[in-house]
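Just so we're clear, the structure is a prediction, and the values are computed from it rather than from any experiment. Heavy atoms only: backbone and side chains are in, while hydrogens, waters and symmetry mates are out. In the text below, chain A, chain B and the rest are named by the order of the sequence lines, each starting its count at 1.
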Amino acid sequence: MTLTVASWNVNSVKARLPGVVDWLKSAEPDVVCLQEIKCQDEDFPRMEIEDLGYNVETVGQKSYNGVALLSKRPIDEISHRVLPGKEDEPQARYIEAVISGESGAVRVASIYLPNGNPSPGPKYDYKLDWMARLKTHAGALLALEEPVILAGDYNIIPRDDDVFDAAAWAGDALIREESRDAFSAIKWLGYTEAFEQVDGRAHQYTFWDYQAGAWPKNNGIRIDHLLLSPQAADRLDSVEIDRGPRGKEKASDHTPIIGTFRL
DNA sequence: ATGGTCGGTCCCCGA
């Protein structure tokens with residue numbers, strides 16, 4: 001028995017609904033972490049997703065941001081709807097749930113980390129502050145000694161091998177040294193970044209800009225990640241990027257990444 | 001040669 005956990009920034013769930021439904025039907029992931037749903041909770045196409053066999057939990061916001069968790073397994077508890085550390089956070093960027101595993105609980109979060117551009121500036125400061133909060137919370141989760149999967153759009157290009165041309169992105173908030181250091185700091189707590197721990201993987205992307213023919217030229221970046229606690233990393237079978245949805249009509253600029261776990 | 005992106009919302013902002 002395996003548990004598949006996907007992460008996908010859909011860039012508006014309403015604009016993407018036919019594509020999302022098609023993908024859920026064909027890929028049949030057990031758990032899906034969505035980002036940038038760009039709607040309030042009451043406007044989420046809940047019934048269309050529930051009809052596919054998913055439990056649905058959302059943290060929505062008008063126009064911007066917004067995250068959701070879809071799960072075929074029972075959701076035992078929503079442990080957080082805001083990233084701890086700033087409870088009056090106005091931006092919908094975090095939801096964390098406890099999901100029933102084959103042998104105990106699995107904790108899954110859908111994360112939409114701030115973009116941070118332009119940098120430097122207040123938006124970049126917000127990104128780094130948000131990452132510091134994430135580090136604190138991720139550390140606290142490790143103490144539970146549970147399988148934890150922190151999945152989402154991190155807006156971080158971890159290595160130069162995760163971008164078609166690092167020079168073209170120099171100075172961008174997604175690639176700056178401070179951004180990478182903040183991401184590394186979370187990993188150093190004891191988290192494994194699922195995709196990069198597989199040897200020899202380079203220049204496989206999860207995002208291609210709408211502009212300048214980035215998709216046909218494969219001018220992409222890898223910014224959607226699964227961070228795993230040791231108890232989740234031990235049970236990871238494989239992790240893959242599914243480029244299919246990016247090539248469809250009315251595509252999101254991101255495509256899903258899927259981890260398969262013995263959980 | 002020129003223009004060359006989306007989505008949501010309100011005529012511009014965020015990515």
Side-chain angles (χ1 to χ4, degrees), chain A residues 7-23 32-46 48-49 58-68 83 89-95 110-131 134 151-158 162-166 168-176 178-180 182-183 205-225 241 243-257:
Chain A
S7 180
W8 190 11
N9 178 324
V10 289
N11 185 20
S12 170
V13 71
K14 285 189 279 183
R16 215 66 62 213
L17 186 58
V20 169
V21 167
D22 285 351
W23 187 74
V32 184
C33 303
L34 299 178
Q35 300 89 36
E36 279 206 272
I37 62 174
K38 287 188 170 178
C39 66
Q40 300 177 88
D41 294 333
E42 57 267 35
D43 297 323
F44 190 91
R46 169 177 290 274
E48 291 87 338
I49 306 293
T58 62
V59 173
Q61 176 185 340
K62 191 179 179 184
S63 306
Y64 302 113
N65 311 312
V67 289
L83 178 65
E89 164 89 73
Q91 301 190 20
R93 296 182 175 276
Y94 192 84
I95 183 171
S110 178
I111 291 174
Y112 181 45
L113 206 143
N115 175 293
N117 280 306
S119 66
K123 290 191 174 179
Y124 193 58
D125 295 341
Y126 173 62
K127 176 178 196 156
L128 294 180
D129 178 65
W130 209 93
M131 294 186 81
L134 181 59
D153 177 0
Y154 280 77
N155 271 312
I156 296 283
I157 301 167
D162 299 314
V163 51
F164 70 99
D165 179 6
W169 283 79
D172 192 281
L174 278 61
I175 204 169
R176 291 182 77 96
E178 304 96 306
S179 306
R180 285 180 165 176
F183 188 63
Y205 311 127
T206 62
F207 168 94
W208 297 259
D209 201 283
Y210 288 124
Q211 301 184 63
W215 167 249
K217 294 182 202 163
N218 197 29
N219 286 347
I221 56 178
R222 191 173 68 89
I223 57 174
D224 300 270
H225 309 300
I241 295 165
R243 294 165 54 98
R246 186 62 182 84
K248 297 275 178 26
E249 288 297 308
K250 289 252 314 172
S252 169
D253 40 9
H254 295 250
T255 214
I257 175 167

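Atom pair A:Y124:OH and B:dG14:P shows a separation of 18 Å (rounding to whole Å applied). Straight-line distance from the CD atom of A:Q91 to the C1' atom of B:dG8: 16 Å, rounded to whole Å. The CG-C1' distance, from A:N11 to B:dT9, rounds to 14 Å in whole Å. For A:K217 and B:dG4, the NZ to P distance is 15 Å, given to the nearest whole Å. The distance between atom CD1 of A:I37 and atom C1' of B:dG8, rounded to the nearest whole Å, is 14 Å. Note: CG (A:N9) to P (B:dC6) measures 16 Å, nearest angstrom. Distance A:N155 CG to B:dG14 C1': 11 Å, rounded to the nearest Å. Between the NZ atom of A:K62 and the C1' atom of B:dC13 there is a distance of 14 Å, given to the nearest Å.
Under a 3.5 Å cut-off, the side chain of A:D162 and the backbone N or O of A:I221 do not form any donor-acceptor pair.
Under the 4.5 Å side-chain criterion, counting only non-hydrogen atoms from C-beta, A:F207 is not in contact with A:R222. With a 4.5 Å cut-off on side-chain heavy atoms, A:F164 and A:N218 do not count as touching. Using a 4.5 Å heavy-atom cutoff, the side chains of A:S252 and A:W8 are in contact. Contact annotation: the side chain of A:R246 approaches that of A:W208 to within less than 4.5 Å [non-hydrogen atoms, C-beta and beyond].
Across the C1' atoms, B:dG7 and B:dC11 are found 15 Å apart, a figure rounded to whole Å. B:dT9 and B:dA15 have their C1' atoms separated by 15 Å, given to the nearest Å. Rounded to whole Å, the separation between the P atoms of B:dC10 and B:dC6 comes to 22 Å.
The side chain of A:Y112 sits closest to B:dA15 out of B:dA15, B:dG7, B:dT9.
Of all the residues in residues 206-213 of chain A, A:Y210, A:Q211 reach under 4.0 Å from DNA chain B with at least one non-hydrogen atom. Contacts of residues 243-255 of chain A with DNA chain B (heavy atom under 4.0 Å): A:K250.
If you check the side chains of A:Y205 and A:T255, you find no donor sitting under 3.5 Å from an acceptor. Side chains of A:N65 and A:K38: no donor on one and acceptor on the other come within 3.5 Å.
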Practice item. Decide yes or no on side chain to side chain donor-acceptor pair (under 3.5 Å) for A:D153 and A:Q35, but give the supporting numbers first. Key: CA-CA 7 Å; A:D153 177 0; A:Q35 300 89 36; over 6 Å; no
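Taking the side chain to side chain donor-acceptor pair (under 3.5 Å) definition, one finds that A:T206 meets it with A:D224, sequence neighbours left out.
Under the 30°/60° scheme for interplanar angles, the aromatic rings of A:Y154 and A:F183 are found to stand perpendicular.
For A:Y64 and A:S12, each mapped to the nucleotide of DNA chain B holding its nearest heavy atom, the one lying further toward the 5' end belongs to A:S12. For the pair A:K14 and A:P114, both in contact range of DNA chain B, the more 5′-proximal nearest nucleotide belongs to A:K14.
Note on A:K123: a side-chain N or O is less than 4.0 Å away from OP1 or OP2 of B:dG14. The side chain of A:R16 contributes no N or O atom lying less than 4.0 Å from OP1 or OP2 of B:dC6.
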